[in-house]
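Heads up: the structure comes next, in structure tokens.
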Amino acid sequence: MIHQFRVSNFQSIREEISIDFRVPGTSPELPCFQRSPSRPEARIPSVVALFGSNGSGKTTLLRSLVLTLGFAANSYEQPGYIGRFIPFLTAERANYPTRVEAYIDGKWLPAGNGGSFLYRYTLEVARNGGSAGPVVAYEAIHAFPKGRPFRLLERHPNHPIYIARELGISRKDDRLMSVPPGASAISALGKMGVGPFSGLVQDLRNMSTNIAGPDPWRPDTDSITRLYRDRPDLAAAVSEKLRRFDLGIDGLEIVPVSDKQSEMVFRHHGLTVPVMLHAESAGARHLAHMFPLLEYVLGTGGLAVMDSLDSDFHTELALEILNWFRVEETNPNKAQLICSLHNPSILDDLEKEEIYIVEKDVDGVTSAHGLRDVRGLRRDVSLQKQYRGGYLGGLPVFG
């Protein structure tokens with residue numbers, strides 16, 4: 001689970017935005033606040049929802065998190081990855097470094113009792129204004145086994161990479177000298193099979209997201225059809241969800257159309273002929289495509305980062321999906337969902353500790369604040385009314 005996240009000088013984010021997901025001790029015990037695997041005294045919302053007007057920077061904030069974790073896992077095999085860290089594009093800020101920092105639960109090191117530690121991953125991307133392109137100016141992993149940070153890896157340009165002896169790697173290992181300046185040491189060492197880094201890379205890749213370009217992404221139909229064909233249990237699970245959400249649907253089926261190709265169809269109550277995918281409702285199509293991503297995270301206890309999660313979904317369907325993560329019955333592995341939403345009616349079904357408002361000022365600078373930090377905001381009021389009344393910020397203004 002993500003405990004805290006900080007980012008500065010990334011796209012519309014100029015000054016540092018720091019989000020602390022940890023629930024204050026004064027907040028009541030609720031099922032939607034899960035105990036951290038590494039810090040049982042810390043409670044973390046299993047759902048974090050960003051609200052704000054179009055263009056406020058919700059996607060930018062989510063993308064900064066996705067890029068950070070993706071860079072740590074994949075940048076050695078994708079040499080241009082570092083170029084995705086675009087700064088706040090003013091003359092003053094264009095050559096400033098982008099800095100990100102995430103506090104994450106993980107089982108990257110033996111914890112004695114088989115449990116988790118809290119880790120901090122820090123990355124700083126520098127730009128020299130020349131043709132060499134961006135490079136890693138600083139990268140580090142710290143563990144918190146006993147409260148204080150313990151340095152596991154630290155990297156500066158033109159200096160040997162520091163590796164803690166606890167990782168079982170010699171600091172003179174030649175592979176430490178082979179990390180490219182534009183790639184993460186985690187990604188490079190994981191690919192080389194050094195110590196525990198292969199497992200760490202795999203953990204970081206256990207993230208489901210629809211952020212892969214300018215618009216929310218979803219898996220292509222052929223890939224999802226093959227997945228349902230090969231996983232009848234998954235097809236049965238999504239059929240059960242579809243029956244709950246659409247009274248007319250009896251289930252999803254995969255039918256062969258040739259030796260190598262199949263199609264996704266929907267059986268409807270009272271119809272003798274199945275409905276083809278393209279003729280289904282937008283909500284049913286969207287759920288069929290996105291369900292495997294969410295089911296995977298719920299099964300592994302991983303992280304889902306979803307932009308515009310409520311797009312094409314009725315309010316009740318969006319709430320149902322959020323509640324998959326908010327109750328232990330459907331989320332026993334402590335999966336976490338961080339998403340952006342647009343429908344303000346959802347606010348009244350969430351707790352204020354789960355909600356963050358994202359805004360952009362007249363200079364195009366994004367900021368964010370949690371509703372738990374709004375002074376005097378009682379738990380028994382309608383958050384939707386407060387939001388639409390302009391008391392919480394982040395409300396679109398027309399004219």
Where the side chain of Ser239 meets the backbone of Ala235, is there a donor-acceptor pair that is under 3.5 Å apart?
-> yes
Shared hydrophobic cluster, Leu118 / Ile2 (ILVMFWY, side-chain heavy atoms < 4.5 Å) | no
Mark yes or no: Arg14 above the aromatic ring of Phe88, with NZ or CZ under 6.0 Å from the six-membered ring centre and no more than 45 degrees from the axis.
-> yes
Provide the closest heavy-atom pair for Leu152 versus Ala143 in the form atom of the first, atom of the second, distance.
-> CD1-CB, 3.9 Å
Any salt bridge between Lys334 and Glu328, counting N to O under 4.0 Å?
-> no
Does the Ser64 side chain pair with the main chain of Leu61, one donor and one acceptor, at a distance under 3.5 Å?
-> yes
Is there a donor-acceptor pair closer than 3.5 Å between any side-chain N or O of Lys352 and the backbone N or O of Leu377?
-> yes
Using the rule that two of Ile, Leu, Val, Met, Phe, Trp, Tyr join whenever any of their side-chain heavy atoms come within less than 4.5 Å, decide whether Phe33 and Leu350 are in one cluster.
-> no
Pairwise distance OG(Ser340) to CZ(Arg63) - rounded to 0.5 angstrom | 10.5 Å
Does the side chain of Gln336 come under 3.5 Å of the side chain of Ser46 through a donor N or O and an acceptor N or O?
-> no
Return yes if a side-chain donor-acceptor contact under 3.5 Å exists between Ser38 and Asp105, otherwise no.
-> yes
Between Phe150 and Phe117, is a ring pair (Phe, Tyr, Trp, His ring centres under 6.0 Å) present by the stated rule, with each step listed?
-> CA-CA 11 Å; Phe150 175 75; Phe117 284 144; 9.2 Å; no
Looking at CD of Glu263 and CZ of Arg229, how far apart are the two atoms once the value is rounded to the nearest 0.5 Å?
-> 13.0 Å
In the single-linkage hydrophobic clustering (I, L, V, M, F, W, Y; side-chain heavy atoms under 4.5 Å), do Phe291 and Val275 co-cluster?
-> no
So, is the end of the Arg226 side chain (NZ or CZ) under 6.0 Å from the ring centre of Tyr228 and within 45° of the ring's axis?
-> no
Leu89 side chain reached by Gln11 side chain, heavy atoms, under 4.5 Å = no
Sidechain-backbone polar pair: Asp312 side chain, His286 backbone, donor-acceptor under 3.5 Å | no
Transitive ILVMFWY side-chain link Leu200 to Phe144, under 4.5 Å | no
Non-hydrogen atoms of Pro344 and Phe51 that approach each other most closely | CA-CE2, 4.4 Å
For Tyr119 and His142, what are the C-alpha separation, side-chain angles and deciding distance, and is it a ring pair (Phe, Tyr, Trp, His ring centres under 6.0 Å)?
-> CA-CA 6 Å; Tyr119 294 86; His142 290 81; over 10 Å; no
Determine yes or no for a side-chain-to-main-chain donor-acceptor pair under 3.5 angstrom, with Asn331 supplying the side chain and Phe325 the backbone.
-> yes
Any side-chain donor paired with an acceptor under 3.5 Å for Arg127 and Thr98?
-> yes
Will you find, in the side chains of Thr122 and Glu101, an N or O donor that is under 3.5 Å from an N or O acceptor?
-> yes
Using atom types as modelled and distance alone, determine if a side-chain donor or acceptor of Thr209 lies under 3.5 Å from a backbone N or O of Val305.
-> yes
Judged by modelled atom types alone, do Asp222 and Thr225 share a side-chain donor-acceptor pair under 3.5 Å?
-> no
Any side-chain heavy-atom pair from Glu29 and Arg43 closer than 4.5 angstrom?
-> yes
Counting N and O atoms only, with roles assigned by atom type, does the side chain of Ser281 sit under 3.5 Å from a partner on the main chain of Ala284, one being a donor and the other an acceptor?
-> yes
Would you mind reporting whether Val135 and Val125 have side-chain heavy atoms less than 4.5 Å apart?
-> no
Check: Tyr103 ring centroid to Tyr121 ring centroid under 6.0 Å = no
Does some side-chain heavy atom of Glu16 sit less than 4.5 Å from a side-chain heavy atom of Asn9?
-> no
Option from Leu67, Leu65, Ile13, Leu123 for which side chain to side chain contact (heavy atoms under 4.5 Å, CB included) with Val100 holds | Leu123
Residues Ser8 and Glu15: side-chain donor-acceptor under 3.5 angstrom | no
Might you confirm whether atom CZ of Arg165 has over 12 heavy atoms from other residues, nucleotides or ligands at distances under 6.0 Å?
-> no
Validation row: Glu359, Thr366 side chains within 4.5 angstrom (heavy atoms) | no
Within the side chain of Thr330, is there an N or O that forms a donor-acceptor pair under 3.5 Å with the backbone of Trp324?
-> yes
Let me see the working for Glu353 and Arg372 under salt bridge (charged side-chain N to carboxylate O under 4.0 Å, His left out), right down to the final yes or no.
-> CA-CA 5 Å; Glu353 293 87 353; Arg372 70 180 195 181; over 6 Å; no
Would you check, one step at a time, whether the test salt bridge (charged side-chain N to carboxylate O under 4.0 Å, His left out) holds for Glu354 with Arg326?
-> CA-CA 10 Å; Glu354 300 175 289; Arg326 299 179 75 232; 2.9 Å; yes
From CG (Leu242) to CG (Leu252), nearest 0.5 Å = 6.5 Å
So if you build clusters from Ile, Leu, Val, Met, Phe, Trp, Tyr with side-chain heavy-atom gaps below 4.5 Å, do Val23 and Leu50 land together?
-> no
Can you find a side-chain donor-acceptor pair between Thr300 and Asn206 that sits under 3.5 Å?
-> no
For residues Pro87 and Arg93, report the shortest heavy-atom separation together with the two atoms involved.
-> CB-O, 3.9 Å
Going from CZ on Arg218 to NE2 on His289, what distance comes out if it is rounded to the nearest 0.5 angstrom?
-> 4.5 Å
Proximity of His156 and Tyr138 rings by center, below 6.0 Å = yes
Side chains of Glu280 and His268: is there a donor and an acceptor less than 3.5 Å apart?
-> yes
State yes or no: are the ring centers of Tyr356 and His369 separated by less than 6.0 Å?
-> no
